[in-house]
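First the structure, in the form of structure tokens, and then the observations on it.
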Number of protein chains: 2
Amino acid sequence: MKASDKAKHRNELICSALRSAILERVLLPGMKLPEDSLGERFGVSRTLIRQALERLAAEGLVELRRNRGAMVAKPSLEEARDVFELRTQIEDLVISRVIKDMTLEKLAELEAHLAKEVEAEHASEPISIRLATEFHILLAKLTGSPVLLRYVEEIGYRCGLTLSLYARPHSSNCGISEHRQIIDALANADEEKARDLMRSHLTAVADRALITQKEAGPLVYLDALEPYARQVRESRD
Amino acid sequence: MKASDKAKHRNELICSALRSAILERVLLPGMKLPEDSLGERFGVSRTLIRQALERLAAEGLVELRRNRGAMVAKPSLEEARDVFELRTQIEDLVISRVIKDMTLEKLAELEAHLAKEVEAEHASEPISIRLATEFHILLAKLTGSPVLLRYVEEIGYRCGLTLSLYARPHSSNCGISEHRQIIDALANADEEKARDLMRSHLTAVADRALITQKEAGPLVYLDALEPYARQVRESRD
DNA sequence: GTATAATCGACTGCATGCAATTTTGCCATC
DNA sequence: GATGGCAAAATTGCATGCAGTCGATTATAC
């Protein structure tokens, strides 16, 4: 309901709705996603839901086990590290491309987005993460390369999920000033500096998130509590 | 029918069958892929075909236009360049990872694969391309990272399609000696050298292929006509 | 009381049918 | 001869139904 709603057809609409729900922590990692219930709630048949789930599985946001249905993916720390490293490599390329063909219009777009980020600085965690991700997606868009855009989007979403799993509260807000610096470097056509900033930005985000797993938010509690919760529930009925 | 056939279920089987058909130029770029005919030929219903087509579309091997069906993708030169550059970035990471945790067993696997490549040195063009791609996939496997494997596979297939479109005959065979050198560098744990070799290997492949578009096969003619066709169209309305 | 086996229920895997949309061939008109 | 509109055929979009599979619960034996 929030993000890119130029998607015309229900197919993609459902897909991005589910994606948003996952990234905004309405659907938590590990939750089951039965086709029937989702279909009922969305008012469509299982066919469309299944399509969406398959696509999200391809993107790595959903885990799909044969004959056992779908659940929101629960990326391991290993996986998280891999995704972040990969992201660094890809965004290296994005920086080179963007800087090779920079215009005033593009700079203005970046500034406009940054303004939105600043405005939402004290908003909820999921919204911060979403805006931060969109900054990187905007950069990818500015390259004009559909290929780069596609992969930055995908990897960005995965990172978003990872952060929502492992990041401690407000660990990603500080990213705004780093985005600021990156824009400045781009404006000065300083490729090396922009790339270095992006690299340290990404590793900083990853470190803030991934190293702090043990002090992670309530999400992990819920998951960890599940066996106990079940015992309590079962002792009642 | 050739490659990884540990896929148990028809779902994935159909998918890899179509993928092989595309990469081996049985299905040529631009060809229509109607669900009915494919379903009939594969002996399954349209449901499964559709699933496979959607997945291949996500991988970039198939183009899927609303209400107009699927066709084998016809990557533009721009796209081809993007994919190859992206590949370079990703395989950089693969090299680092592989070298960080190299074992004798892994080296042996690489050697075994190279032997297969040498053996098939004078085989048909699609087979050469497939084996070359599998070399890179094997490297990704050796990292032990599912994430890296997934993306190297996907990008590798896309490059395969591109090569089958634009490469002149036998332009990719020379890659064998380059693979040889890469293995040696890996054996010596010379990360920098391995990475440089990989980089120049990939750009060499790309150059051999992408620069020679003009002498490419008959398929490209159709594309080359586009500017002229457009002129005619635009002079009309 | 524990371990093992069998039954039950829920959910997915897949096929098919109907509706919607696009394309193609045809005809009338300019 | 070319252009515009119209109708029919082909093809996808989506829903639903039935069968198969997996997991959970219960029953049974030790």
Side-chain angles (χ1 to χ4, degrees), chain A residues 6-18 27-28 30-59 61-74 223 226-237, chain B residues 5-18 27 30-58 61-74 222 229-237:
Chain A
K6 57 189 173 186
K8 294 169 198 170
H9 285 277
R10 283 195 291 181
N11 198 344
E12 306 159 17
L13 219 91
I14 294 170
C15 204
S16 59
L18 282 176
L27 297 172
L28 302 175
M31 271 189 177
K32 269 210 95 191
L33 302 170
E35 297 173 359
D36 275 334
S37 353
L38 289 177
E40 199 172 350
R41 187 157 274 288
F42 279 83
V44 298
S45 85
R46 281 166 36 216
T47 309
L48 282 179
I49 299 293
R50 166 183 292 265
Q51 279 185 17
L53 290 177
E54 265 160 15
R55 172 141 182 208
L56 291 176
E59 291 180 10
L61 294 184
V62 156
E63 210 164 308
L64 211 53
R65 282 171 308 179
R66 182 151 318 268
N67 278 319
R68 302 223 271 128
M71 57 179 249
V72 181
K74 249 190 313 192
D223 264 345
E226 174 54 23
Y228 305 94
R230 167 180 282 168
Q231 283 180 5
V232 175
R233 284 200 302 274
E234 281 173 358
S235 68
R236 219 165 20 86
D237 48 345
Chain B
D5 274 2
K6 56 189 173 187
K8 294 168 197 169
H9 286 277
R10 282 195 292 181
N11 199 344
E12 306 159 18
L13 220 90
I14 294 171
C15 204
S16 60
L18 282 176
L27 296 172
M31 271 188 178
K32 268 210 97 190
L33 302 171
E35 296 174 359
D36 275 336
S37 352
L38 289 177
E40 199 171 351
R41 185 157 277 286
F42 280 82
V44 299
S45 85
R46 281 168 34 216
T47 309
L48 283 180
I49 298 292
R50 166 184 292 264
Q51 279 184 17
L53 290 177
E54 265 160 16
R55 172 145 182 204
L56 291 176
L61 294 185
V62 157
E63 209 164 308
L64 210 55
R65 284 170 308 178
R66 183 153 313 270
N67 278 318
R68 305 224 271 126
M71 56 179 250
V72 180
K74 250 190 311 189
L222 294 178
R230 167 179 284 169
Q231 281 181 7
V232 175
R233 284 199 303 274
E234 281 174 359
S235 69
R236 220 166 16 86
D237 49 346

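In this text, all values refer to a predicted model and were calculated from it rather than measured experimentally. Here is how names work: the chains are called A, B, and so on, in the same order as the sequence lines, proteins then strands, and each is numbered from 1.
- dT12(D) atom P lies 10 Å from atom CG of Asn67(B), rounded to whole Å.
- Summarising the geometry, the separation between CD1 on Ile49(B) and P on dG13(D) is reported as 14 Å, rounded to the nearest angstrom.
- Taking CE of Met31(B) as the reference point, atom NZ of Lys74(B) lies at 12.0 Å (rounded to 0.5 Å).
- Note that the CG atom of Leu18(A) and the CG atom of Leu61(A) stand 10.0 Å from one another [nearest 0.5 Å].
- Atoms NZ (Lys32(B)) and C1' (dT12(D)) sit 9 Å apart, rounded to a whole Å.
- In this structure, CG of Leu33(B) is placed 14 Å from C1' of dT12(D), rounded to the nearest angstrom.
- Nearest-nucleotide assignment on DNA chain D puts the 5′-proximal partner with Glu35(B), out of Glu35(B) and Thr47(B).
- The side chain of Ser45(B) contributes an N or O atom lying less than 4.0 Å from OP1 or OP2 of dA15(C).
- A straight line from CG of Asn11(A) to C1' of dT21(C) spans 15 Å, rounded to a whole angstrom.
- Residues Arg66(A) and Gln51(A) each lie close to DNA chain D; by heavy-atom proximity, the contact nearer the 5' end of the strand is made by Gln51(A).
- Atom P of nucleotide dT11(D) and atom CZ of Arg65(B) are separated by 15 Å, given to the nearest angstrom.
- Here the rule is side chain to side chain contact (heavy atoms under 4.5 Å, CB included) with Leu33(B), and of Ile49(B), Val62(B), Leu56(B) only Val62(B) fits it.
- A sub-4.0 Å separation between OP1 or OP2 of dG23(D) and a side-chain N or O of Arg68(A) is present.
- OP1 or OP2 of dT12(C) has not a single side-chain nitrogen or oxygen of Arg50(A) nearer than 4.0 Å.
- Following rounding to the nearest Å, Asp36(B) (CG) and dT16(C) (P) show an atom-to-atom distance of 11 Å.
- Leu48(B) places its CG atom 9 Å from the C1' atom of dA15(C), with the value rounded to the nearest Å.
- In this structure, CG on Leu53(B) lies 11.5 Å from CZ on Arg46(B), to the nearest 0.5 angstrom.
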